[in-house]
Amino acid sequence: MTSSISATIALIRMKMRLFWNGLRSWRWFYSTPLIVLLVVFLCFVIGQGIGGIFQSASMVIPQELVITALALMLVYGVILVFISDLLMGYTLNLGQMSTDHEYLCTLPISPSALLICKLFERLSVDWAAPVILLGGMLGMIMREGFSLQGLFIGTLLYSQIELLIGLFVTLLTVAFGRFFRPTTLRNLLAFLSYFGVIVGLGHGVWFSSINEQIIPMLIRVWANLEPWLRFPLKPARMLAETLMDGDFGRSFWHWQCFWSACFILGICFFNAMARAQWLTWVNSGISAPASANTFRLYGLIRKESLLLRNDMHLLLNALLLPLTIIFAEIYVLKDVFSLSQTSNVMNAMAAAVIYFCMFGPVNAVGSEGKGVSIIETLPIEPGRIIGQKTIFWGTIALIFFVPAALGIGWYLGLNIADRVTLVVWIAVFIISCVWAAVSTSAIFPDYDAKVLQMRSSLTGKIFACMIMFVCLPTKEASPSAVFAFLVFMSLALTLHYRACEVFSIRNDPDAGTEPMFRLIDAALPLACALGIQVVVGSVFHWVLYKAVFSFWPWLFASVPVLLVLARSLLLNVRRRFFSPITALGCRLPSIGLFIGALFTGLVAGYLGRQYLLLIPTLGFDPFVSNVDVWNWLAGFFGGSLATGVFFAALCMVASVIEEVFFRGFLDQALRAQGFTGSVGLLLNGACSALLHPILLLPPVFILSVFCTWMFRITGSLFPGMICFLTFNGITLWTLLMQQ
């Protein structure tokens with residue numbers, strides 16, 4: 001007994017060390033606390049929403065009905081967690097994330113120690129369950145205020161549910177592995193995940209079409225099913241009653257007895273499977289007879305086709321699932337929304353293409369796994385590898401989505417011109433997104449992932465999703481669509497060039513350490529920053545059109561833009577220069593230069609103020625007549641004074657980061673490429689101006705050119721920082737006073 005406990009503790013310590021080292025090996029270790037904060041924020045938002053809903057419902061709805069509804073929601077949450085396991089591949093490796101199952105089975109440890117180790121790993125690594133379950137449970141139990149008892153009970157109940165899910169998944173996959181071959185098991189789980197998504201999410205489409213009759217219909221359905229579901233829902237009702245009461249009552253102890261019985265029974269089943277050698281069983285199946293085949297595909301294209309043909313999970317969830325959802329939406333919601341508009345159909349098709357790219361092309365290079373070392377020995381240029389992968393995945397997407405677009409256009413009765421527009425646009429959108437996704441997969445590959453849909457890092461997935469959304473506004477014939485297309489093309493080209501470079505120097509640890517400023521290193525984060533502004537501007541165009549030409553789109557885009565610019569500076573300069581601060585030009589100016597920069601900033605700020613006051617006479621409103629956004633921000637930060645302090649701090653940070661990037665980084669990169677004259681000054685000024693509010697482009701462009709000229713003369717960034725900080729302060733004060 002003592003040795004088994006010691007072995008379990010040793011395995012848990014080993015798993016924690018591996019997990020910690022994995023976090024430390026990330027390209028940017030500080031992503032970890034950001035992800036943790038994001039999960040906590042999502043839990044808080046979900047908890048606040050669910051707690052408020054049930055607190056209001058308990059005042060007008062009988063307690064028994066509220067408990068039943070909460071029990072059904074808990075069951076639904078467990079189903080969503082299980083579906084997320086299937087989609088993310090947690091169930092494709094004996095139920096957990098570990099890839100060392102075969103090794104662990106060779107250790108002289110008891111089956112119970114092995115199971116506890118796997119369940120501990122799931123509890124500490126799974127991120128979908130906290131977002132789906134933990135936030136809602138804590139919000140329910142602490143709906144009337146924070147309490148340590150409620151926090152303890154909610155966390156305990158969540159941990160118990162998570163352990164039961166992990167135990168069930170492990171037992172299920174071990175049992176399936178005994179009777180099915182590994183490929184058959186993966187395909188079976190793929191079908192299960194496909195139908196799970198349909199069951200778990202598809203009813204939302206149906207409810208959307210009958211929203212006025214939902215409540216009466218659900219009451220009738222529940223009246224018919226309640227006698228049959230009363231006993232199966234008993235454990236969920238125990239949980240619901242505990243969450244409603246918020247104390248250690250009778251329902252809490254009944255649940256503890258039920259959970260203990262289930263957990264002990266599961267451990268007994270696992271021990272029995274281990275004794276029967278099911279954990280290491282490999283079902284070889286029946287050998288298929290050899291046949292002479294004529295292959296029409298060769299080289300990398302044939303390798304990709306074999307990979308796709310043998311991965312049913314990818315075929316179902318990347319291709320069939322989005323098409324199924326689109327067809328269901330159009331069939332059910334045809335008479336509810338104006339789907340006859342071509343732009344709405346384009347949005348639906350674009351969402352399906354982006355979903356496909358997130359499963360397939362984003363993981364294209366990482367799917368090589370350990371075989372990437374073989375490809376690197378072939379006389380094939382990285383650009384050709386990326387190009388062939390783009391052709392393959394683009395062809396697959398065209399084969400599936402273009403006929404779907406034709407069928408949808410015919411079903412909705414669109415005219416011939418709209419059908420042609422839809423098909424041509426979706427074809428161009430497919431090729432563009434696949435190209436950008438494959439290039440991203442070469443920059444952020446994960447060659448050690450266990451399943452295909454996780455063959456790229458989380459950063460790569462977020463990055464690729466943002467890039468594809470930049471291409472979405474191109475469906476409209478407008479100046480903003482042309483600008484979005486230009487930004488996307490600049491992103492795609494710089495991504496392709498960067499991907500080829502990363503792939504070619506993958507095994508060279510000394511590559512990229514030369515003390516020099518390169519234009520490609522500055523062009524990629526600049527294009528990303530412009531892409532973020534395009535996405536935010538598109539959201540304002542759809543939601544709050546009057547604010548498109550205002551200060552607000554820049555405000556909401558400024559935080560991620562500044563993060564992108566700052567991170568690119570840290571990654572590039574710190575790797576290439578012994579003293580990054582000196583290399584960027586952070587040298588203290590003289591007293592005379594400081595006074596001159598301050599005077600220049602005051603003059604520029606005064607001229608900017610007069611410019612802002614002149615703009616309304618031309619028909620534009622930079623102060624936004626709808627002050628709802630300002631009122632919301634004031635409420636969020638606790639008053640107008642706090643909001644003003646936040647804006648002032650943001651402008652100060654923006655002045656510093658933008659000066660370091662555009663003058664210290666971009667200008668030196670331009671000069672290294674030969675742009676030492678007026679062309680370099682104009683390019684730098686234009687790039688800097690594009691990251692500011694639309695109506696401020698002229699004064700910012702002039703001031704940026706002047707600051708670049710001062711940096712070239714003085715070699716110091718501080719004069720430009722002082723000028724822009726003064727200009728931003730006066731401009732901000734003008735905007736706030738007009739509110």
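We use all heavy atoms of the structure for the numbers below, so side chains are in, but hydrogens, waters and symmetry mates are not.
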Q: Can you name the closest pair of heavy atoms from I443 and V502 and give their distance?
A: CA-CG1, 4.3 Å

Q: Tell me if a side-chain donor or acceptor on S441 pairs with a main-chain N or O of V365 at a distance below 3.5 Å.
A: yes

Q: Does the side chain of N363 pick up a donor-acceptor pair with the side chain of S456 at under 3.5 Å?
A: yes

Q: Taking all heavy atoms of W393 and all of A364, pick out the closest pair and write down the distance.
A: NE1-CB, 3.7 Å

Q: Would you sort out whether I467 and F488 count as a side chain to side chain contact (heavy atoms under 4.5 Å, CB included), showing the intermediate values?
A: CA-CA 7 Å; I467 293 172; F488 176 82; 3.8 Å; yes

Q: Counting heavy atoms not belonging to F485, are there more than 12 under 6.0 Å from its CZ?
A: no

Q: Should Q388 and I380 be marked as a side chain to side chain contact (heavy atoms under 4.5 Å, CB included) after you check the CA-CA gap, both sets of side-chain angles, and the distance that decides it?
A: CA-CA 11 Å; Q388 291 196 15; I380 304 176; 5.7 Å; no

Q: Should R498 and D521 count as side-chain neighbours, where that means a heavy-atom distance under 4.5 Å?
A: yes

Q: Could you measure the distance from the CG atom of L697 to the OG atom of S688? Nearest 0.5 Å is fine.
A: 10.0 Å

Q: Taking only residues two or more places apart in sequence or in another chain, which ones pass side-chain contact (heavy atoms from CB on, under 4.5 Å) with F701?
A: L682, A686, A689, V705

Q: Contact between L681 and R712 at the side-chain level, heavy atoms closer than 4.5 Å - yes or no?
A: yes

Q: So, for A436 and T440, which heavy atoms are closest and what is the spacing to 0.1 Å?
A: O-OG1, 2.7 Å

Q: So, using side-chain contact (heavy atoms from CB on, under 4.5 Å) as the criterion, who are the partners of T390 when residues are at least two apart?
A: I386, V434, W435, V438

Q: Determine whether F429 and I354 make a side-chain contact, defined as any pair of heavy atoms from C-beta on separated by less than 4.5 Å.
A: yes

Q: Does R663 form a side chain to side chain contact (heavy atoms under 4.5 Å, CB included) with F724? I'd like the steps, not just the answer.
A: CA-CA 12 Å; R663 255 58 72 183; F724 258 105; 3.5 Å; yes

Q: Indicate yes or no: at least one non-hydrogen side-chain atom of V470 is less than 4.5 angstrom from one of L530.
A: no

Q: Under a 4.0 Å threshold between the charged nitrogen and the carboxylate oxygen, would R384 count as salt-bridged to E381?
A: no

Q: To the nearest 0.5 Å, what is the distance between CD on Q533 and CG on L690?
A: 8.0 Å

Q: To the nearest 0.5 Å, what is the distance between CE (M346) and OG1 (T421)?
A: 6.0 Å

Q: Taking all heavy atoms of C433 and all of V353, pick out the closest pair and write down the distance.
A: CB-CG1, 4.5 Å

Q: Distance from Q668 atom CD to F711 atom CZ, nearest 0.5 Å?
A: 4.5 Å

Q: Drop me the distance from C707's SG to F727's CZ, to the nearest 0.5 angstrom.
A: 10.0 Å

Q: Is it true that, when you exclude Y497 itself, more than 12 heavy atoms of the residues, nucleotides or ligands shown sit nearer than 6.0 Å to its OH?
A: no

Q: List the steps and the verdict of side chain to side chain contact (heavy atoms under 4.5 Å, CB included) for F469 and L472.
A: CA-CA 5 Å; F469 272 104; L472 188 58; 4.1 Å; yes

Q: Could you tell me whether the side chain of L565 reaches within less than 4.5 Å of the side chain of L691, counting heavy atoms only?
A: yes

Q: Restricting to non-hydrogen atoms, name the atom on A442 and the atom on P445 that form the minimum distance, rounded to 0.1 Å.
A: O-CD, 3.6 Å

Q: Taking side-chain contact (heavy atoms from CB on, under 4.5 Å) as the definition, give me every residue that meets it alongside A405, ordered by chain and number, with sequence neighbours left out.
A: M349, L422, V423, I426

Q: Is F517 close to N572 at the side-chain level, that is, under 4.5 Å between some pair of heavy atoms?
A: no

Q: If you define the side chain from C-beta out and look only at heavy atoms, does anything of F662 sit under 4.5 Å from D667?
A: no

Q: Please examine the side chains of E658 and M721, heavy atoms only from C-beta on, and report whether any two atoms are closer than 4.5 Å.
A: no

Q: Does the plane of the ring in F359 sit parallel, tilted or perpendicular to the ring in Y355? Use 30° and 60° as the thresholds.
A: tilted

Q: Give the minimum heavy-atom separation between A350 and W425, together with the two atoms involved.
A: CB-CH2, 3.8 Å

Q: Just verifying a value: how many Å separate L491 CG and S439 OG, rounded to the nearest 0.5 Å?
A: 10.5 Å

